[in-house]
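Chain letters run A, B, ... following the sequence lines, proteins first, then strands; residues in each count from 1. Side-chain atoms are counted along with the backbone in the values below, which use heavy atoms only and exclude waters and symmetry mates.
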Amino acid sequence: MELFRLGIHELNEMLSRGEVTSSEITESVLGRIDAVEDRIRAYVTVTKDNAREMSKSADKAISSGNRDPLAGIPLAIKDNMCTRGIKTTCSSRMLKDFVPPYESTVTSKLLQSGYVLSGKTNLDEFAMGSSTENSAFHTTRNPWDIDRIPGGSSGGSAAAVAADECIAALGSDTGGSIRQPAALCGVVGLKPTYGRVSRYGLVAFASSLDQIGPITKNVRDSAILLNIISGKDVKDSTSAPIEAPDFTSVLGHEIKGLRIGVPREYFIEGMDKEVDLAVKTAINNLESLGAIPVEVSLPHTGYAVATYYVLATSEASSNLARYDGVKYGFRAVGKDLLDMYMKTRAEGFGPEVKRRIMLGAYTLSSGYYDAYYKKAQQVRTLIKGDFDKAFKKADVIVTPTSPTPAFKLGEKTDDPLQMYLADIFTISVNLAGVPGISVPCGFTSSGLPVGLQIIGRHFDEQTILKAAYAYEQSSQWTGRRPSL
Amino acid sequence: MDRKEAVPVRYEAVIGLEVHAQMLTDTKIFCGCSTTFGSDPNTQTCPVCIGMPGVLPVLNSRALEFAVRTGLATNCSISSYSRFARKNYFYPDLPKGYQISQFEHPICEHGFIDIDVDGQSKRIGITRIHMEEDAGKNIHDGAGSYSLVDLNRTGVPLMEIVSEPDLRGPKEASEYMKKLRAILRYLGVCDGNMEQGSLRCDANVSVRPAGQKEFGTRAEIKNINSFRFVEKAIEYEIKRQIRIVSGGGKVIQETRLWDSGTGITESMRSKEEAHDYRYFPEPDLVPIIPEDSWIEGIRSSLPELPDQKISRFVSEMGLPKYDASLIAEERQLADWFEEAVRAGGQPKSVSNWIMGDLMRFLNEDNRSVSECPVKPGQLADMLKLVDMGTISGKIAKTVFEEMYRTGKAPDTIVKEKGLVQISDSSEIEKAIDDILSKSPNEVERFRGGDEKLLGFFVGQVMKTMKGKANPQLLNDILKKKLAAVD
């Protein structure tokens, strides 16, 4: 049996029954990486030795009774979450050799549950991008078509899951960076409610929007991972003091009577016809399961991308100020302090990061602050209000995750605006702070995956997981794998 | 001759102070690192305060409490909604590339403190008090090719206390600083040490013709790093500006550095070179929405403040205002004073001793009152010995010094040293007779009207009696003897 093909839940049951060891699973995954990684390039760092050691201690723990759902399971972590003693690069030249002296809260929780780290995955530099082409190191390929991008910024994590180079992965989502690559790679990606998962140790891109979440082979695995990583963290003031329920408990509950909101603003002209069809078919599917489609409106949708690019870049311009060559990371030689600063940042950051820093510094500068940053905050409030209103009529909102399937490498790299529009359906969710999940809902005629996005109320991941699970069980998409 | 005489223009200074006070919390404002001063470089640091990728700040609730305490003690209103903001600029001692401070929504606003100006009370407005983190320290080693950075101080909590431009001269500014410092020390929120940098002061100074309503162009004076320079730096800057304006020139808006070595201020950067700090709300910290009950709890725990103490010392203890103000400046000193009074010391006598020998000795030894070897009760005991006539006031000075040096009780010292006052009139009479017989010329002159010589005789007698003669008795007997004709 090809163990690397399996999900968390199945492997946990096999481990519990003693049918398999973590070492076997880990070797299977490492073997898979050896076999396909040179085509996919999902990882920045494969932590083979670590993984083997961790699997050995996991086996010990399992044999002495550890039944934690993640014990002994090889997971890949997006390379913007700090792992103590293991390079955390953010796919940036700036942090190429940066080894964190501390562990992020999410990976601490994974360590406690006995996971096995298979490696750190590639991303758009500092999570800025929608294709993983902005990595300073290499471009990750879409396992369904290696001439295409895997989406981004968590493209490495999504591709690793889709190519079975790990059992599951963590990504981070600021404007769609979990859901969009999950959709484009045909896997499940969940962005939790802002505040559900601690951001401590996640290298910040835009603090008020960033959120860590799972990328998995099926919905149940997302619920299992979310169980482990969520909860209030004293190290993150923005993590919510709200107790997390058992997210697996609702899986399998029927969705009869569930009101699914279909926002008219999300089914727009110019959208890919096959995506449109797949999503509409999925909605019919949900209806046949007893859900009730209702039309809702999110009237400020048209402003979301602009609002996002003002707020996210403003925060980013400040968050990335610390990479100045003084304390850690890349430093260029300069003739004086200012020269050192300028050269370090000119050489250490890639073009998209610099573009966003400049944009953000501009929108925060005196004289422009009110016109851009402040205005964008006001629009953000309106967008939140849109969701609040829509959720009075609907229990969940369904949309396409991405307006198109995976595009070709290099297709949009010369046109940042076109690239920004790749997140048009996911960005509002971050601005509103609500949770969203992308679940596979079909394939285009050329065999590219399409994702259905299900959006929920604040801190109501349970309902979107329930709906996603019901859909997944009734459909035939989950479990399909690219041939590699 | 109706021609109007050209009246020389009189100028008035307008001053506002921005005071940075390091809070006396045990740990830093956004992490658990110690705030201990003087440790080895970079030993009081952690990933959070050195700005590692991915770290997040968590507000030290003690720092918030200290800021609120200060706000309440300076009659501020406590904001029902307060937020941190990021102040963005690049500097090696600022590891995140921004300082977490407050901008639009400070924790305290609209307060005041009263200061004493030539016996008159004057109210100085407090615009705002906000919290922020301190930066680290760059160490330029002289080698030229590099500098070192010490981040121990990074993240130490500060309060910035901004006054209204209500101060009108250097003296008022230093009175304001003194008062503010006293309040901070009373509250236990800052040790007020300007030399060590735990209290820092920037002054916004402008001048205008007396009577003019509009403010002149101001200069901001930085680096006033000692208490005695507050007045000097401002005085210099006022003179400089008056010289410019009265010469027909214009003051330019700029930041100037006080140089204590040369005693002048020098331009550091102009308005055009001023930073654009790109303030925006700190997204890593949630807004502060304090509960009324919490604020009231802090209000009720405030100690008696200097002003309240001064008026109580005046009204209840009969101290002159001058004495009361001096003693109330330091909480420990005021406590010492009150303890001595409780132990039976007469308030004015205690105050005299405090303002005299006690302060002199402490200053000489650079000691604080809490390190004073003389206990308040001992001073009270000594004063009793004076009142009972056991020792004279003059001997008391010797006793006090001995108490200070040895910490012994006054009666022990009096016994050990044999300092008991001699009130035996026959013994004093004997000594007087002895001196008078040895000084026939002086006696002659005294009787001839040179009454100043009385002091001479007193001195001589005291000398032979080792100062122990009861001075009243000595005086009486001496006068009688000199008046009598042999």
Among B:Val149, B:Asn88, B:Leu94, who wins on heavy-atom pairs under 4.5 Å with chain A?
B:Asn88

Tell me whether the rings of A:Tyr373 and B:Phe280 are parallel (<30°), tilted (30 to 60°) or perpendicular (>60°).
perpendicular

Could you check which of A:Asp324, A:Asp210, A:Asn319 has the highest count of heavy-atom pairs closer than 4.5 Å to chain B?
A:Asn319

Side chain proximity check, A:Ser237 to B:Phe84, heavy atoms < 4.5 angstrom
no

If you look at every heavy atom in B:Gly54 and A:Tyr102, which pair is closest and at what distance?
C-OH, 3.1 Å

Identify which part of A:Tyr200 has an atom lying under 4.5 Å from any heavy atom of chain B, answering side chain, backbone, both or neither.
both

Step by step, would you call B:Leu56 with A:Lys235 a side-chain contact (heavy atoms from CB on, under 4.5 Å)?
CA-CA 7 Å; B:Leu56 296 170; A:Lys235 291 178 185 154; over 6 Å; no

Region of A:Leu209 that comes under 4.5 Å of a non-hydrogen atom in chain B
neither

Walk me through whether B:Arg86 and A:Ser318 qualify under side-chain hydrogen bond (donor to acceptor under 3.5 Å, both in side chains).
CA-CA 8 Å; B:Arg86 291 190 188 172; A:Ser318 174; 2.9 Å; yes

A:Arg322 side chain near B:Val55 side chain, heavy-atom distance below 4.5 Å:
yes

A:Ala206 versus chain B, heavy atoms under 4.5 Å apart: side chain, backbone, both or neither?
neither

Under a 4.5 Å heavy-atom cut-off, does chain B meet the side chain of A:Val326, its backbone, both or neither?
side chain

Please tell me if the side chains of A:Arg199 and B:Asp284 come closer than 4.5 Å, counting only heavy atoms from C-beta onward.
yes

Sort B:Tyr279 into side chain, backbone, both or neither according to what part of it lies under 4.5 angstrom from a heavy atom of chain A.
backbone

Most contact-rich option vs chain B, by heavy-atom pairs under 4.5 angstrom, among A:Asn80, A:Val234, A:Thr238, is A:Thr238

Please look at A:Thr363 and chain B and tell me whether the side chain, the backbone, both or neither of the residue comes under 4.5 angstrom of a heavy atom of that chain.
neither

Top of A:Ala361, A:Ser198, A:Ser208 for chain B proximity - count of heavy-atom pairs under 4.5 angstrom
A:Ala361

Contact between A:Tyr368 and B:Arg278 at the side-chain level, heavy atoms closer than 4.5 Å - yes or no?
no

Which bit of B:Pro47 is near chain A, if near means a heavy-atom gap under 4.5 Å: side chain, backbone, both or neither?
side chain

Please flag which part of A:Asp336 lies under 4.5 Å from any non-hydrogen atom of chain B: side chain, backbone, both or neither.
neither

For A:Tyr369 against B:Pro281, the heavy-atom pair lying closest together
OH-CD, 3.4 Å

What's the shortest heavy-atom distance between B:Asp276 and A:Ser366, and which atoms?
OD2-N, 2.8 Å

Measuring heavy-atom distances to chain B, does A:Leu95 have an atom under 4.5 Å in its side chain, in its backbone, in both, or in neither?
side chain

